Amino acid sequence: MSKGQPRLIAPLSVIFAFAGLLLFAYSVWYAGVEEVSQAIWRLGTGFLLVLTISAIRPTVRSLAWTRCVPGEKKLRFGDAVSAYVIGDALGNLVPFGIVVSEPTKAVLVRERLPLPQGLAAIAVENIFYSFSVMAFLLAGSLALLLSFPLPKPLRVSLWATAIIIIVLAATLAIVLRRRVRLISGAFAMLARRWKRLTPYDERIRTFEQRVLGFYDEHGERMWAIGALEAFYHVSSVLEAYVVLLFVSEIFPTPLKAFAFEAVNRITTVVFKFVPFRLGIDETGTGLLAAALGVGAASGVALAIVRKGRILCWTAVGIALLVLRGLSLRDVTAQGVEAARTKAALEECD
């Protein structure tokens with residue numbers, strides 16, 4: 001990590017944290033401090049059930065990652081889930097952490113799996129996950145639009161979301177089906193302008209071939225990986241439903257839980273650069289809860305419970321990091337280096 005990066009990240013952390021705290025305070029005030037407190041109190045020890053359900057998420061995505069390893073190399077589930085939890089914790093703690101959280105996972109298993117193969121497997125798994133997220137968001141947007149009377153701004157936003165998802169999914173499908181070399185093609189154009197990038201041109205093409213070649217070499221794994229990614233979303237809806245059962249005075253329906261989780265996924269995608277999405281989840285979920293007739297306090301309570309779950313898993317990730325004898329600064333630096341084309345692809349020759 002360069003010296004300038006920590007200097008940039010530190011003020012960004014303060015700015016986002018302060019803005020998030022203000023938004024969080026407003027959302028709780030808007031929903032009613034006493035009402036939100038009572039809703040969370042009703043959950044009580046049910047939070048342990050929420051944590052148990054949430055364990056499905058790192059489990060299924062780690063299993064999917066192990067099945068995305070190209071070639072004959074194997075990645076053990078224990079190594080994968082440990083790296084996944086640590087990388088996810090990093091993504092929650094650092095602004096724009098998504099840039100380094102995925103490469104960090106490959107860095108953490110490089111003793112078992114060469115870095116280029118680990119990065120390729122992460123890229124393949126993220127492609128499957130991206131398709132599953134787009135399908136989930138499209139279904140959630142349509143469910144909201146067709147099942148509930150919504151304010152006009154929300155309806156417009158959901159229609160826009162649905163259209164964008166369809167365009168993105170179609171574009172990604174064409175790129176994969178026709179093996180369009182987007183990354184290497186763009187890099188080659190840059191290399192022609194900046195000659196110092198030329199030595200890495202071949203490595204970029206090799207890496208991209210690893211990713212695109214997976215679908216030709218291991219097509220039989222696609223259904224299993226797709227099922228694991230789908231189960232990830234099913235578990236998230238189940239979690240929302242269980243929380244609403246405890247915190248809401250109005251009996252929730254699975255459809256409403258599905259709607260809440262779809263909106264949560266949208267905010268996760270759009271505001272991933274905000275640590276813990278502080279204030280963002282509470283505001284969005286509170287407004288949606290009011291629109292669905294569940295009560296703003298129940299929606300804000302749902303978002304706060306999610307925060308508690310994220311904090312618990314982040315603590316687990318930091319604990320695993322400490323057990324490995326690493327610091328957050330160390331692993332962030334390694335993730336940044338892995339995210340850079342030069343460092344990430346040096347072993348591809």
Side-chain angles (χ1 to χ4, degrees), residues 20 27 50 53-61 64 84 87-88 91-92 97-98 101-102 125-148 150 154-169 172 225-244 252-289 291-292 294 298-310 313-314:
S27 63
V50 173
I53 295 171
S54 70
I56 297 173
R57 299 186 184 208
T59 299
V60 295
R61 287 205 64 187
Y84 179 91
D88 221 35
N92 290 328
I98 190 173
S101 63
E102 298 304 301
E125 194 276 330
N126 272 275
I127 290 172
F128 276 100
Y129 177 68
S130 297
F131 270 118
S132 73
V133 168
M134 286 187 280
F136 185 80
L137 292 182
L138 181 60
S141 298
L142 294 177
L144 276 165
L145 287 165
L146 299 176
S147 304
F148 303 102
L150 302 172
L154 183 56
R155 294 186 67 84
V156 171
S157 298
L158 289 171
W159 277 118
T161 299
I163 293 170
I164 291 170
I165 289 170
I166 292 171
V167 172
L168 286 176
L172 185 55
I225 298 170
L228 287 167
E229 303 291 4
F231 198 52
Y232 174 96
H233 299 294
V234 171
S235 70
S236 68
V237 174
L238 176 61
E239 177 191 297
Y241 182 69
V242 168
V243 173
L244 288 171
T253 63
L255 182 60
K256 287 184 179 181
F258 178 46
F260 273 112
E261 196 53 35
V263 171
N264 176 62
R265 193 71 76 245
I266 292 173
T267 58
T268 299
V269 171
V270 176
F271 296 100
K272 184 66 176 176
F273 61 91
V274 179
F276 293 102
R277 298 183 304 283
L278 185 62
I280 304 295
D281 284 344
E282 290 76 15
T283 302
T285 310
L287 292 173
L288 178 63
L292 298 185
V294 178
S298 298
V300 174
L302 170 61
I304 292 175
V305 171
R306 285 197 192 112
K307 286 288 188 301
R309 181 254 296 165
I310 293 172
W313 282 108
T314 300

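Since this is a predicted model, take the numbers as computed values, not measurements. Scope of the values below: all heavy atoms of this structure, side chains included, with no hydrogens, waters or symmetry mates.
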Subject >> Side-chain heavy-atom pair Tyr241, Pro252 within 4.5 angstrom cut-off >> reply: yes
Subject >> Side chains of Thr161 and Ile266 in contact at under 4.5 Å (non-hydrogen atoms) >> reply: yes
**OP:** To the nearest 0.5 angstrom, please state how far the CZ atom of Arg309 sits from the CD atom of Glu239.
**Re:** 4.0 Å
Original post:
Is there a side chain to side chain contact (heavy atoms under 4.5 Å, CB included) between Glu125 and Ile225 once you walk through the steps?
Top reply: CA-CA 8 Å; Glu125 194 276 330; Ile225 298 170; 5.5 Å; no
Original post:
Between Glu261 and Arg306, is any pair of side-chain heavy atoms under 4.5 Å apart?
Top reply: yes
Original post:
Can you tell me how far OG of Ser141 sits from CZ of Arg155, rounded to the nearest 0.5 angstrom?
Top reply: 11.5 Å
Subject >> Approximate separation, where rounding is to 0.5 Å, of Ile310 CD1 and Asp88 CG >> reply: 8.5 Å
Original post:
Should the heavy atoms of other residues, nucleotides or ligands under 6.0 Å from CZ of Phe231 be counted, would the total exceed 12?
Top reply: no
**OP:** Determine the minimum heavy-atom distance between Ala259 and Leu144, stating which atoms define it.
**Re:** CB-CD2, 3.5 Å
**OP:** I would like to know whether His233 and Tyr129 meet side chain to side chain contact (heavy atoms under 4.5 Å, CB included); could you show each step before the answer?
**Re:** CA-CA 10 Å; His233 299 294; Tyr129 177 68; 4.1 Å; yes
Subject >> Pairwise side-chain contact, Asn264 with Thr285, heavy-atom cut-off 4.5 Å (strictly under) >> reply: no
Original post:
Where is the tightest heavy-atom contact between Pro58 and Ser54, given as atom of each residue plus distance?
Top reply: CD-O, 3.3 Å
Original post:
For Val237 and Pro254, which heavy atoms make the closest approach, and how far apart are they?
Top reply: CG1-O, 4.3 Å
Original post:
Below 4.5 Å, heavy atoms only, C-beta onward: do Val133 and Glu229 meet side chain to side chain?
Top reply: no
Subject >> From Phe131 atom CZ to Leu168 atom CG, the distance as rounded to the nearest 0.5 Å >> reply: 10.0 Å
Subject >> CD1-CG distance between Ile163 and Leu158, expressed to the nearest 0.5 angstrom >> reply: 11.0 Å
**OP:** Please assess Arg265 against Ser236 for the test side chain to side chain donor-acceptor pair (under 3.5 Å), listing each intermediate value before the final yes or no.
**Re:** CA-CA 10 Å; Arg265 193 71 76 245; Ser236 68; 3.2 Å; yes
Original post:
Looking only at heavy atoms, what is the nearest atom pair of Gly140 and Ala262, with distance?
Top reply: CA-CB, 3.7 Å
Original post:
For the side chain of Ser235 and the backbone of Tyr232, is there at least one donor-acceptor N/O pair under 3.5 Å apart?
Top reply: yes
Original post:
Do you know the tightest heavy-atom contact between Ser101 and Gly87?
Top reply: CB-O, 3.1 Å
Subject >> Nearest-0.5 Å distance that lies between atom CZ in Phe148 and atom CG in Leu292 >> reply: 5.0 Å
Original post:
Does the side chain of Phe136 come within less than 4.5 Å of Phe258's, by heavy atoms?
Top reply: yes
Subject >> Close side-chain approach of Val294 and Lys256, heavy atoms under 4.5 Å >> reply: yes
**OP:** Decide yes or no for Val234 and Leu238: does some side-chain heavy atom of the first lie under 4.5 Å from some side-chain heavy atom of the second?
**Re:** no
